[in-house]
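Notes for the one structure printed next.
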Amino acid sequence: MTVDVLMTAPTMPLIVDGVDKAFRLHKLWEAKDPKAKLAEIAPIIRGIALGGHTRVDEAFLSQFPKLEIIASMGVGYDHVDGAVAEKHGVIVTHTPGVLDEEVADTCLGLILCAVRELPQSERYLRAGKWLNKNYPLTSTLRGRTAGILGLGRIGKAIARRLEAFGVEVCYHGRRPQPGVGYVYYPTLKELAENVDMLVCVAPGGAETKHLVNKDILESLGRDGVLINVGRGSVVDEKALIQALMDKTILTAGLDVFEDEPRVPQELIDMENVVLFPHVGSASVHTRNAMGQLVVDNLIDYFAGKAPRTPIPETPWPRKRAK
Ligand code: NAP
Ligand code: 8YV
């Protein structure tokens with residue numbers, strides 16, 4: 001039987017081609033009048049390959065009476081209301097596991113850039129300033145203790161790398177992780193008081209919004225380094241800008257922002273901060289693995305098998321029949 005699958009926004013060719021081969025694909029962005037097209041095809045759509053960060057909420061889901069599965073690109077799914085999807089009997093899948101090492105590599109790169117001022121020193125050379133004077137001495141990872149906020153799949157991959165760099169690791173999450181030897185702090189405040197580098201890799205969403213605020217930044221202290229590769233919403237960006245301006249902390253390395261791709265001009269203008277354009281997982285190898293998982297989730301599900309990576313809120317087998 002033909003299965004109708006919708007894509008709302010253009011995404012990587014691997015996903016478009018993979019979905020197109022297996023299903024009848026509707027590319028909404030190619031329609032002359034996308035609104036009219038959506039009204040026409042919504043009643044027959046059974047699957048969606050979600051590109052970008054289209055919000056999946058009551059208003060979105062109620063358009064599709066026959067929808068069974070949404071395959072979302074990316075491990076973070078703060079753009080999805082999992083409880084509402086479950087209520088609608090819709091399974092949502094994401095792409096965990098296949099990007100852990102890549103994001104951890106990027107995170108270590110960001111840490112080294114922020115602490116050792118590598119982008120700044122490169123700019124210094126290019127500006128011809130080395131001819132007059134050596135680049136000033138920088139801060140160091142030597143003797144630092146890193147606190148990881150969110151010691152999950154990616155957090156653990158970051159922790160392994162930090163250990164290899166000789167950096168002591170401890171962490172905070174809602175509960176201690178079983179079988180983990182790092183010191184656990186039951187509150188973020190205690191973690192921040194006991195480290196001089198905070199590495200955020202917790203998911204976004206209401207529960208984690210602005211967990212890293214003025215108070216936490218003050219606890220990190222004047223030699224403190226803030227790294228964020230989780231979600232921009234976890235850090236109060238205004239408080240961070242103030243803390244960097246006031247030298248409440250030393251520096252920050254950010255791969256994620258509150259209103260991407262818009263980055264506050266204050267951060268762009270600052271020298272004591274390193275900014276990446278959300279490139280944690282952005283290698284061809286890893287994005288292909290993520291894209292293939294999007295396609296495979298749809299293929300397996302419509303072949304009557306368990307989808308590979310459902311989000312915990314919409315488990316397989318389904319609790320609610322469609
Ligand atoms: P994961 O395995 O689910 O780990 C998330 C960790 O966060 C868990 O250890 C969890 O521990 C902790 N956590 C969740 N809610 C929390 C809360 N309210 N307070 C404190 N800790 C909390 O997820 P992952 O695969 O490592 O991915 C983590 C996040 O990284 C994603 O959600 C995404 O936002 C981000 N990410 C960014 C990039 C990038 O390109 N920069 C790439 C991939 C992922 P407890 O359950 O014990 O609290
Ligand atoms: C991607 C990410 O940039 O997986 C995630 O949660 O943040 C990144 O890997 C993005 O989600 C791809 O759509």
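Residues: numbered from 1 along the sequence shown. Read the numbers this way: they start at 1 and go in the same order the structure lists the ligands and their atoms.
When only non-hydrogen protein atoms are considered, atom 36 (N) of ligand 1 lies nearest to V229 O, 3.8 Å. Closest to atom 35 (C) of ligand 1, if we only count protein heavy atoms, is G230 O, 3.4 Å. Remark: minimum distance from atom 41 (N) of ligand 1 to any protein heavy atom is reached at D255 OD2, 2.8 Å. Ranking the protein heavy atoms by distance from atom 44 (C) of ligand 1 puts V75 CG1, 3.3 Å first. At the top of the distance list for atom 10 (C) of ligand 1, counting protein heavy atoms only, stands R174 NH2, 4.4 Å. Among all protein heavy atoms, the one lying closest to atom 42 (C) of ligand 1 is V103 CG2, 3.4 Å. Protein heavy atom at the shortest distance from atom 26 (O) of ligand 1 is I154 N, 2.9 Å. Scanning the protein for heavy atoms near atom 1 (P) of ligand 1, the closest one is R153 NH2, 3.5 Å.
Within a 6.0 Å sphere centred on CH2 of W29, heavy atoms belonging to other residues, nucleotides or ligands number more than 12. Annotation: K238, atom NZ; neighbour count of heavy atoms from other residues, nucleotides and ligands within 6.0 Å does not exceed 12. Within a 6.0 Å radius of CZ in R126, no more than 12 heavy atoms belonging to other residues, nucleotides or ligands are found. Environment of CD1 in I268: crowded, with over 12 heavy atoms of neighbouring residues, nucleotides or ligands closer than 6.0 Å. Within 6.0 Å of the CD atom in E168, the count of heavy atoms belonging to other residues, nucleotides or ligands does not exceed 12.
Taking the six-membered ring wherever Trp is involved, the centroid distance between the rings of Y185 and Y171 does not fall below 6.0 Å.
Listed by number with element, the atoms of ligand 1 under 4.0 angstrom from any heavy atom of L151 are 9 (O). Residue-ligand proximity, G74 to ligand 2, at heavy-atom distances under 4.0 Å covers atoms 4 (O), 5 (C), 11 (O). In the vicinity of G173, heavy-atom distances shorter than 4.0 Å reach the ligand 1 atoms 20 (C), 21 (N), 48 (O). Interface of H278 with ligand 1, defined as ligand atoms under 4.0 Å from a residue heavy atom, comprises 39 (C), 40 (O), 41 (N). The ligand atoms of ligand 2 that sit less than 4.0 angstrom from a heavy atom of V75 are 4 (O), 5 (C), 6 (O). Here is the list of ligand 2 atoms found below 4.0 Å of a heavy atom in R287: 1 (C), 3 (O). Atom numbering of ligand 2 starts at 1 in the shown order; those under 4.0 Å from a heavy atom of R231 are 2 (C), 5 (C), 6 (O), 7 (O). Contact atoms of ligand 1 toward T208: 16 (C), 17 (C), 18 (N) (distance under 4.0 Å to a heavy atom of the residue). The atoms of ligand 1 that sit less than 4.0 Å from any heavy atom of V201 are 28 (C), 29 (C), 30 (O). Contact atoms of ligand 1 toward E207: 18 (N) (distance under 4.0 Å to a heavy atom of the residue). Set against the non-hydrogen atoms of L99, the atoms of ligand 2 under 4.0 Å away are 4 (O), 9 (O). If you number the atoms of ligand 1 from 1 as listed, the ones under 4.0 Å from a heavy atom of G280 come out as 39 (C), 40 (O). The Q177 neighbourhood of ligand 1 comprises atoms 9 (O), 11 (O), 47 (O), with distances under 4.0 Å to a heavy atom of that residue.
In this structure, F302 is a member of the same hydrophobic cluster as W316, with clusters built from ILVMFWY side-chain heavy atoms closer than 4.5 Å.
Side-chain contact check for M245 versus E266: some heavy-atom pair is nearer than 4.5 Å.
Ligand 2 has an N or O atom lying under 3.5 Å from an N or O atom of S281, backbone or side chain. At least one N or O atom of G76 sits closer than 3.5 Å to an N or O atom of ligand 2. Residue H172 has no N or O atom closer than 3.5 Å to an N or O atom of ligand 1.
For H94, the heavy-atom gap to ligand 2 stays at 4.0 angstrom or more.
The CG atom of D296 sits 10.0 Å away from the OG1 atom of T93 when rounded to the nearest 0.5 Å. Interatomic distance, I15 CD1 to D20 CG, rounded to the nearest 0.5 Å: 13.0 Å.
Side chain of D236 to main chain of L211: no donor-acceptor pair is present (N/O by atom type, distance under 3.5 Å, no hydrogens or angles). Of the possible polar contacts, one joining the T251 side chain to the N272 backbone as a donor-acceptor pair under 3.5 Å is found. At distances below 3.5 Å, not a single donor-acceptor pair connects side-chain atoms of D246 with backbone N or O atoms of T248.
With atom 4 (O) of ligand 1 as the reference point, the heavy atom nearest to it among G150, G152, G76 is part of G152. Atom 34 (O) of ligand 1 has its nearest heavy-atom neighbour, among H94, R231, M290, E102, in R231.
Counting heavy atoms under 4.0 Å from ligand 1, residue P203 touches it through both backbone and side chain.
A salt bridge does not link E260 to R231: none of the charged nitrogens lies less than 4.0 Å from a carboxylate oxygen.
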For this session: Check step by step if side-chain hydrogen bond (donor to acceptor under 3.5 Å, both in side chains) holds for E58 and H88.
Result: CA-CA 9 Å; E58 182 64 42; H88 279 260; 3.1 Å; yes

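Of the residues T106, L162, V225, the one that meets the side-chain contact (heavy atoms from CB on, under 4.5 Å) test with I111 is L162.
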